[in-house]
Amino acid sequence: MAANPVEAVLAVHVDHRIRAQVVGRDAIVYRSIEQATPVAGGAAEVIEAVRGAARNAASGRRTRLVGVGLAVPGIVDSARGIARHSSLIGWHNVALGDLLQGDLATAVGVDQDVRAAALAEGANGAARGCSDWLLLHVGRTVTAAVVVGGRVQRGAGGAAGEAGHVPIYPFGELCPCGQRGCVEAYASTVAIENRYWRVSGLDLDLAAIAGRVGRDPLADEVWGQAAAALGVALADYSMLLDPELIVLGGPLAQVSDLALGSVRQELRSRLIWREAPVLTTAALGADAALAGAAALGWSAAATA
């Protein structure tokens, strides 16, 4: 006699890759799918790829789907399940929640991927037990999740946490957003790699550049400006909201000793009259957003 299906949620994280997992209440992963996000094909192709991956992952017979959690980049209206904008994907005002609810006939929760990661880091990661803290994700973009009183802040239009577009150097580098001198134009992994290439002629990745810090003046210059940009932004945030903890996540955190030391020094140098918040690295790594998506799915199931 066949066993009764296990209650589970579908967690989906969309970034440069689409990852989908069917997860039970016991955190067992019953089915997992991963594929490249077809960004070059445009928004419509990405949307169909997300829907296809979700349907494929949800097709197993061992589980009964009770909810779906979707974590996506960019600006997200989580209350309405709408992906407002993503420069990575190029979509605008896509009702992803409605689309997946129609496809899978179950409740759907949608949020921005760094905020989803913050849900996971706050529940089971580096910020467990903290009520006022910040998750700063530094990768190809620089994005933050602000947590105040134990609640992730989303803002009036779903755009809270765009730390990468805080202008640090008013007449500085041109940012992809159109502004000048943004944090992201200096401190994203792409910015660090591109700026080092421009001054040195060497096409190196982030880890290689980090490895040259302390023995290559050009690497020192580029890395120092990146750390300074992050330090200024984090000092401003600390002055405004007085966090207990700042968690550094994303690829920059993978060179944690150097990144932590550099950013911590810059942050402390700008908070002379007060103690700087604790700065640490994310505990859940690349799986944080997917774990957060599972939490969104359980939350959607509970309120359906």
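- Using a 4.0 Å cut-off between charged side-chain N and carboxylate O, Glu173 and Arg180 make no salt bridge.
- Looking at Ser59, its side chain does come within 3.5 Å of a backbone N or O of Asn56 through a donor-acceptor pair.
- Here the shortest heavy-atom pairing between Ala20 and Val12 reads CB-CG2, 4.2 Å.
- The neighbour count for Arg80 CZ, taken as heavy atoms of other residues, nucleotides or ligands under 6.0 Å away, does not exceed 12.
- The side-chain heavy atoms of Thr63 and Glu7, taken from C-beta on, include no pair separated by under 4.5 Å.
- Residue Gln265 qualifies as open at atom CD: its count of foreign heavy atoms under 6.0 Å is 12 or below.
- Looking only at side-chain heavy atoms (C-beta outward), Val94 and Leu99 come within less than 4.5 Å of each other.
- Of the possible donor and acceptor atoms, one in the side chain of Gln112 sits under 3.5 Å from a partner among the backbone N and O of Arg115.
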Expected list for residues 227-247: side-chain donor-acceptor pairs under 3.5 angstrom, two or more places apart:
residue	atom	partner	partner atom	Å
Tyr237	OH	Trp133	O	3.2
Ser238	OG	Leu234	O	2.8
Asp242	OD1	Arg274	NH2	3.2

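- The closest side-chain heavy-atom distance from Leu119 to Leu296 is below 4.5 Å.
- At distances below 3.5 Å, not a single donor-acceptor pair connects side-chain atoms of Gln153 with backbone N or O atoms of Gly155.
- Counting non-hydrogen atoms of other residues, nucleotides and ligands closer than 6.0 Å to CZ of Arg62 gives a total of 12 or fewer.
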If you look only at distance, which donor and acceptor atoms sit under 3.5 Å apart when one is on a side chain in residues 141-151 and the other is two or more places apart or in another chain?
none

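- With hydrogens and angles disregarded, a donor-acceptor distance shorter than 3.5 Å links the side chain of Asp216 to the backbone of Leu218.
- When only modelled atom types and interatomic distance are considered, Arg64 and Asn4 share no side-chain donor-acceptor pair under 3.5 Å.
- The shortest distance between side-chain heavy atoms of Val23 and Tyr30 does not fall below 4.5 Å.
- With hydrogens and angles left out, the side-chain atoms of Ser78 and Arg154 include a donor and acceptor closer than 3.5 Å.
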